[in-house]
Amino acid sequence: MTLEDEIIQALDAGRWLDFVSGYNLRDDADEASMRALAIGLHNSGRFDLLTAVDGFDGDGDSFRFYEIQQFYSDALPQLAAEPEAMLKAVRRLVEEGGPNRDGALIALPFRDWCKGTGRATAIAALLDFSAPRDGWYLRLALEGASTNDPEGALEWALALIADNLGPQRIAAFEALGSLGPTPALATHAIAALGDQLEHEADDQILGPSIYAAIELHGRGEQANPADTAKIVAIAATRGGTEMRRRAMQALWFQWKGISPAILDQLIGIAETLEGSDTIAVDHLDHALYQMTSGEDVERAIAIVRTLLSANRGTLTIHSFDSFEHQLLTKHRARFDTLAVEWFVSGDRALGEAVMALVRKVHGAPMVLRPDLTPFGYGPTELIFLARKAVGYLFTTPISAASLLMAIMRTGVSDAIKGATELLFDPLLVNYSGELGEHLREAAKDINDPASPHVAAALQQLEIYLDGLRAVGFGSRQSRRLQRQA
């Protein structure tokens, strides 16, 4: 039996979806050939692949779901069909996906099908917006129409924005950023959008509007910066949660393509985020990851610093897990100096952030070796740094000691004296074992300016232990120290 005969047999018997879901498990599977044959049978009018979707039974089998969705995802753009039949089948495929799968596999194929002449407007005419996804289908139709008639699709969307309320208007706002594929059309779209927002105060409108404006501006080679800045300013002033989420999404996708002034506006919005808005924070974290993947690490650090300081209790450095990963891997040396800056700031949220990052590193303890010379700190700042290092990093003593050693390398005598005292007590007094071994190795490096001061602290420890031995190790602490030593 040929493959075409098998397809015909499955369609005749009403087992088409079973055939599709199991086909790729066969040793002789040739998915491209099977799909081409099925599309040919459909387009010839012999069978209807869209009607077969009615048999999608939602039995919870994920493998079956994805195999069927993948087939129709690949086939839909090539199927000849009446708009009503196509919309019905697409609705069924999307509904089968459920809330966790959200129709993503079908969205782009349906948009591509809507590229055909007259199809997008026909789909729009079928939508009554009583169903929750009708606005989504309208958006996809608009985007499909833009492929062959970008100016017409843009004017259609702008007319929907100007003349409608509710789902139709929101769908047009959502689609707008994908329209205007040339700088001239993007400039026109941004200007028209700005006019529509003069008196707008609805956060659900301002959210997609700021995203559309930024996307048009970025994709349109920084088109119409004046009106884009105006839209961002309006949204930032009047918008709420949805606006901030969309602004961070726009920052994530477009930060490299937008003008510096508009980037500064978005960063200004980023610095107003509340720690409780995990969606906006997650979008921002993606943007920070991209910044730290390139040469914009200082920009990312400045944003995080502002947010941590303003949101202590609701935001931690771990809220930006992509950012912290980059900082601890790609920008490890920068973290050493950042630890100094944040400790010296005296900001509790920043001190806790350094502590959390040091603790996050598993395996060998983190040794910090910042060069403090460029900071130009005097004894007051260096002693303050030493105390913060010991206070925040007390439970990671090797890390704390490494910052004290950095202070010892400055040559500032009063600071060296203070750092040496803190190295002895409380660090060596409480962690004479592992820390003691680490410091004995460090003291052997005669080329390290910190070496003699480390040796002095170790000598203090020996004198201290000798005193304990002289009184017979009477205390619990003395017995513990003796075991550690």
Side-chain angles (χ1 to χ4, degrees), residues 39 42-43 48-51 53-54 69 72-97 101-182 185-186 188-190 192-193 196 204-205 207-209 211-213 215-216 219-220 246 249:
I39 291 170
H42 172 92
N43 288 343
D48 187 348
L49 294 181
L50 295 179
T51 301
V53 174
D54 292 340
Q69 289 275 24
Y72 278 96
S73 173
D74 293 334
L76 276 185
Q78 303 173 61
L79 296 182
E82 291 297 318
E84 187 171 5
M86 177 58 71
L87 182 60
K88 178 183 177 184
V90 168
R91 286 185 192 277
R92 184 71 189 94
L93 289 165
V94 171
E95 288 166 3
E96 181 61 26
R101 294 181 277 205
D102 210 30
L105 286 172
I106 300 303
L108 295 185
F110 176 61
R111 180 203 65 186
D112 291 343
W113 182 87
C114 288
K115 294 176 184 178
T117 303
R119 288 177 174 177
T121 52
I123 290 292
L126 294 169
L127 301 171
D128 62 6
F129 301 95
S130 60
R133 290 184 181 273
D134 278 6
W136 188 60
Y137 297 127
L138 175 58
R139 173 187 174 179
L140 294 172
L142 280 163
E143 292 176 355
S146 180
T147 303
N148 297 320
D149 183 11
E151 185 172 358
L154 177 58
E155 293 304 325
W156 180 15
L158 292 174
L160 289 171
I161 289 171
D163 300 335
N164 291 274
L165 297 174
Q168 289 169 285
R169 189 169 189 240
I170 292 175
F173 276 117
E174 295 281 5
L176 195 59
S178 302
L179 310 180
T182 67
L185 287 176
H188 169 57
I190 293 167
L193 179 59
Q196 289 295 319
Q204 297 302 311
I205 295 295
S209 295
Y211 185 85
E215 188 173 20
L216 286 164
R219 289 193 304 105
R246 293 304 189 94
Q249 192 176 27

Please find the pair of heavy atoms, one from [X] and one from [Y], that lie closest to each other, and give the distance.
{"X": "Gly180", "Y": "Leu185", "result": "CA-CB, 3.7 Å"}
{"X": "Ala89", "Y": "Leu50", "result": "CB-CD2, 3.6 Å"}
{"X": "Ala171", "Y": "Gly135", "result": "CB-O, 3.1 Å"}
{"X": "Asn43", "Y": "Ala80", "result": "OD1-N, 2.8 Å"}
{"X": "Ser130", "Y": "Asp134", "result": "N-OD2, 3.8 Å"}
{"X": "Pro77", "Y": "Pro109", "result": "CG-O, 3.7 Å"}

Taking side chain as C-beta onward, heavy atoms only, is [X] less than 4.5 Å from [Y]?
{"X": "Gln168", "Y": "Leu127", "answer": "no"}
{"X": "Asp112", "Y": "Glu143", "answer": "no"}
{"X": "Phe129", "Y": "Leu138", "answer": "yes"}
{"X": "Leu193", "Y": "Ser209", "answer": "yes"}

Okay, side chain of [X], backbone of [Y]: is any donor-acceptor separation there less than 3.5 Å?
{"X": "His42", "Y": "Leu79", "value": "no"}
{"X": "Ser73", "Y": "Leu105", "value": "yes"}
{"X": "Tyr72", "Y": "Val90", "value": "no"}
{"X": "Asn148", "Y": "Lys115", "value": "yes"}
{"X": "Asp149", "Y": "Ala145", "value": "no"}
{"X": "Arg219", "Y": "Gly177", "value": "yes"}
{"X": "Gln69", "Y": "Leu93", "value": "yes"}

Approximate separation, where rounding is to 0.5 Å, of [X] [atom1] and [Y] [atom2]:
{"X": "Leu216", "Y": "Tyr211", "atom1": "CG", "atom2": "OH", "value": "10.5 Å"}
{"X": "Leu154", "Y": "Ser178", "atom1": "CG", "atom2": "OG", "value": "11.5 Å"}
{"X": "Arg133", "Y": "Leu140", "atom1": "CZ", "atom2": "CG", "value": "10.5 Å"}
{"X": "Leu108", "Y": "Leu76", "atom1": "CG", "atom2": "CG", "value": "11.5 Å"}
{"X": "Glu151", "Y": "Leu179", "atom1": "CD", "atom2": "CG", "value": "12.0 Å"}
{"X": "Leu176", "Y": "Gln196", "atom1": "CG", "atom2": "CD", "value": "10.5 Å"}

Derivation of the side chain to side chain contact (heavy atoms under 4.5 Å, CB included) call for Phe110 and Ile123: CA-CA 11 Å; Phe110 176 61; Ile123 290 292; 3.9 Å; yes
If the condition is side chain to side chain donor-acceptor pair (under 3.5 Å), which residues does Lys88 pass it with, not counting sequence neighbours?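 Listed in chain order: nothing, the list is empty.
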Leu142 and Arg111: side chain to side chain contact (heavy atoms under 4.5 Å, CB included), yes or no, with the steps? CA-CA 8 Å; Leu142 280 163; Arg111 180 203 65 186; over 6 Å; no
Set out, in order, the CA-CA distance, both residues' side-chain angles and the distance that settles side chain to side chain contact (heavy atoms under 4.5 Å, CB included) for Tyr137 and Val94, then state yes or no. CA-CA 11 Å; Tyr137 297 127; Val94 171; 3.7 Å; yes
Got a sec: does the CD of Glu155 have more than 12 other heavy atoms crowding it under 6.0 Å? yes
For residues 161-179, which residue pairs qualify under salt bridge (charged side-chain N to carboxylate O under 4.0 Å, His left out), counting only residues two or more places apart or in two chains?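 Residue pairs with at least one partner in residues 161-179: Arg139-Glu174, Arg169-Glu200, Glu174-Arg246.
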